[in-house]
Amino acid sequence: GMLGGRESRLAGNGTTGTQEDKNEPLTPDQVDFQAREWASSHPREAQRLYMTTFTGAIIGMLGIVFLVTSEINTVLVVRDQDLFAGSGAPTPVDLEERAELWG
């Protein structure tokens, strides 16, 4: 059926010969060629795939930026709290507010 046709196109190195090994992995160039062929014959699916990948990358980068920002702010707040705790001076209001947000 249709699935068998797909499998035969994806398996091997794309050549028809007696020494073709179905278990031999595709080279990066062969994968790239087949991906380009698939994208040109399935433009709507390819566009959806590219948009999903792009959206996921943006969300991932925003998550990393937020995580790093949060970690840096937490470290700075804890450092300031330690400095004031060691000095015996009263904790400033702005530090208490930052500690509520990041601590």
Peer 1: Would you please name every residue forming a side-chain hydrogen bond (donor to acceptor under 3.5 Å, both in side chains) with R48, sequence neighbours left out?
Peer 2: none
Peer 1: Nearest 0.5 Å, what's the CZ-CZ distance between F84 and R79?
Peer 2: 10.5 Å
Peer 1: In Å and rounded to the nearest 0.5 Å, what is the CD1 to CG distance from I72 to L67?
Peer 2: 9.5 Å
Peer 1: If I compare all heavy atoms of L26 with all of V31, which pair ends up nearest, and what's the gap?
Peer 2: CB-CG2, 3.6 Å
Peer 1: Checking the side chain of S70 only, and the main-chain atoms of F66 only, is there a donor and an acceptor separated by less than 3.5 Å?
Peer 2: no
Peer 1: Compare every heavy atom of V65 with every heavy atom of T69, then report the nearest pair and how far apart it is.
Peer 2: OG1-O, 2.7 Å
Peer 1: Can you tell which of V75, D82, L76, D80 makes a side chain to side chain contact (heavy atoms under 4.5 Å, CB included) with V78?
Peer 2: D82
Peer 1: Could you tell me whether a side-chain N or O of D32 sits under 3.5 Å from a main-chain N or O of P28, the two making a donor and an acceptor?
Peer 2: no
Peer 1: More than 12 foreign heavy atoms under 6.0 Å from CD of Q47: is that the case here?
Peer 2: no
Peer 1: Atom CD1 of I59 and atom CD1 of I64: how far apart are they, to the nearest 0.5 Å?
Peer 2: 12.5 Å
Peer 1: Looking at CD of Q34 and CG of D29, how far apart are the two atoms once the value is rounded to the nearest 0.5 Å?
Peer 2: 11.5 Å
